[in-house]
2 protein chains.
Amino acid sequence: MNMIEIARGKETSATRAAYLLVRDMILTGALPAGEKIKIEALRKRLDMGASPVREALSLLTSDMLVERIDQRGFRAAPASHANFAEILKLRCALEDMALRQSIERATPEWEERLVLAHHHMNRAKESATFEDAHKAFHRALLDNAASPMMERYCSQLYDLNIRYRNLAASEKTYQRRDISTEHAEIFEAAVQRDADKASTALLSHYRLTGDYLAKQLAGLQG
Amino acid sequence: MNMIEIARGKETSATRAAYLLVRDMILTGALPAGEKIKIEALRKRLDMGASPVREALSLLTSDMLVERIDQRGFRAAPASHANFAEILKLRCALEDMALRQSIERATPEWEERLVLAHHHMNRAKESATFEDAHKAFHRALLDNAASPMMERYCSQLYDLNIRYRNLAASEKTYQRRDISTEHAEIFEAAVQRDADKASTALLSHYRLTGDYLAKQLAGLQG
DNA sequence: ATGTCAATAAATATCGATATTTTTGAAAGG
DNA sequence: CCTTTCAAAAATATCGATATTTATTGACAT
């Protein structure tokens, strides 16, 4: 049973299966940035009708992973240095706000969720589930802001950033910096409910990663 | 010839026509907040197949004007005080950033665009085109930030706010405050390239309008 | 009355075929 | 040699019909 059948089996609707699969294809670069997405080819590859594919692509527009051009179909969102810089800037602004709001509303329950998310991430080091655990940790940090729109924006920006990480990873070098120390710093500050310290640590984490990635992305136009 | 035919004639694709029409229906309240949107009914009303309607609704999901629930269709995004407060907060944060960036990059060309936008808005006072001119003025303020994602977010949030204004307008009272003075203040500060002053004026404009609307929206849950 | 269950009705999701539009590529003209 | 033009090919957009899923109703038991 291949990935497509698994996704179709698990997910209730063909549209949702297509959404998740295409999303993954764009994030991993299987559908390269800026490239035209041909409905017919995708339709066959995913083994479903054109309607759910089109609908999935329309939904991916929300996430700024797909661009829709009236009467001439869809394309994977282009990647550029300028776009990457914009994502970094917006992330810093929004996550600063979300994290402060999260800490402001801190409860023992949130603290426990955070402890677990951090633990799971450390546990998953080097494993295939690390990416998921990492995302879950970052999500848990902001969760408590109880601000659905902000969460949505942050989640979208996280994914867009992952895409650039994957783009950079296809270049030769690998991350050297000790990420887990940075995560621990953010985590400790959040648990201590020190918003300034936590935010500073989080933003510095993003900016360091950003600088690092920007260097790897030298082959990008824009 | 009715509105639908006009929209279909002007717009190249049925999907785009549906997108604009349904968007308008939600912003004006013709499709009430939180209400289920039945494909078949819309399909007949817009006189087109189900596919473009579904696709338009999927696109409106980007704008947070429509919610999609797998296997049980679409609904107009619910409205609540909490949601309204969130929109206001995000607008303030993002537009502050965008306006400062816009002013930082100020050029004579931008200044001229701003002058015109402000003039058109004043000219359109009391006219049916005021809403468009008002939106154009606010857009022009942020335009020069040259940050497509930020512009998109700001534009989305502007529309979401308009929806609440329309919701409030259906209540009895009307705006008393002198809006044009506030606009003039923002405008003058921007032209003087005083970012702090401009941002303060803009945010105060939003917060005053926000407070005013919040009072009108007493009939809302949440 | 109240809750459950099955049968029915309604609505969504999806398919396959067709109409429209854009793209391609080769021939003609400057 | 470069542009323009037009027909063929390819791709998108849309429709109408059908399969699936969810919601409703009313009979029946508690």
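First the proteins, then the strands, lettered A, B, ... as listed; each starts at 1.
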Testing D/dT14, D/dT22, D/dC15 for proximity to the side chain of B/M48, the answer is D/dC15

Taking OP1 and OP2 of D/dT14, is either one under 4.0 Å from a side-chain nitrogen or oxygen of B/T15? yes

### Ring geometry between B/H134 and B/F130 (parallel below 30°, tilted from 30 to 60°, perpendicular above 60°)
parallel

From the candidates D/dA13, C/dC15, C/dA13, the one with an atom nearest any side-chain atom of A/P52 is C/dC15

With a 4.0 Å cut-off on heavy atoms, is A/L42 in touch with a base, just the backbone sugar-phosphate, or nothing at all? nothing

note: B/Q71, atom CD; D/dT20, atom P; distance rounded to Å ~ 12 Å

note: A/R68, atom CZ; D/dA11, atom C1'; distance rounded to Å ~ 14 Å

Taken to the nearest whole Å, CG/A/L57 to C1'/D/dA13 is 13 Å

From NZ of B/K38 across to C1' of C/dT12 the rounded distance in Å is 12 Å

Out of D/dA13, C/dT22, D/dC15, minimum distance to the side chain of A/R72 belongs to C/dT22

message = At less than 4.0 Å, is any side-chain N or O atom of B/R54 found next to OP1 or OP2 of C/dT12? Yes or no.
response = no

B/K44 atom NZ is separated from C/dA11 atom C1', nearest whole Å, by 12 Å

With the side chain defined as heavy atoms from C-beta on, B/F74 is closest, among C/dC15, D/dC15, C/dA13, to C/dA13

Within-4.5 Å side-chain heavy-atom neighbours: B/I39 and B/L57:
yes

From the candidates C/dC15, D/dT12, C/dT12, the one with an atom nearest any side-chain atom of A/I39 is D/dT12

When rounded to whole Å, the CZ to P distance for the pair A/R43 and D/dA13 reads 16 Å

In terms of heavy-atom contacts, A/M48 and A/A14 come closest through CE-O, 3.7 Å

Do the side-chain N and O atoms of A/S13 and A/T15 include a donor-acceptor pair separated by under 3.5 angstrom? no

Does A/K36 make a side-chain N or O approach to OP1 or OP2 of D/dT12 shorter than 4.0 Å?
yes

Requested in this report: Remember a base hit wins even if backbone is also touched, and classify B/I37 as base, sugar-phosphate or nothing at under 4.0 Å, heavy atoms.
Outcome: sugar-phosphate

Here the distance between atom P of C/dA13 and atom CG of A/L59, to the nearest Å, is 11 Å

Whole-Å distance, B/E40 CD to D/dT18 P, equals 15 Å

In short, A/A77 meets A/M64 closest at the heavy-atom pair CB-O, 3.4 Å

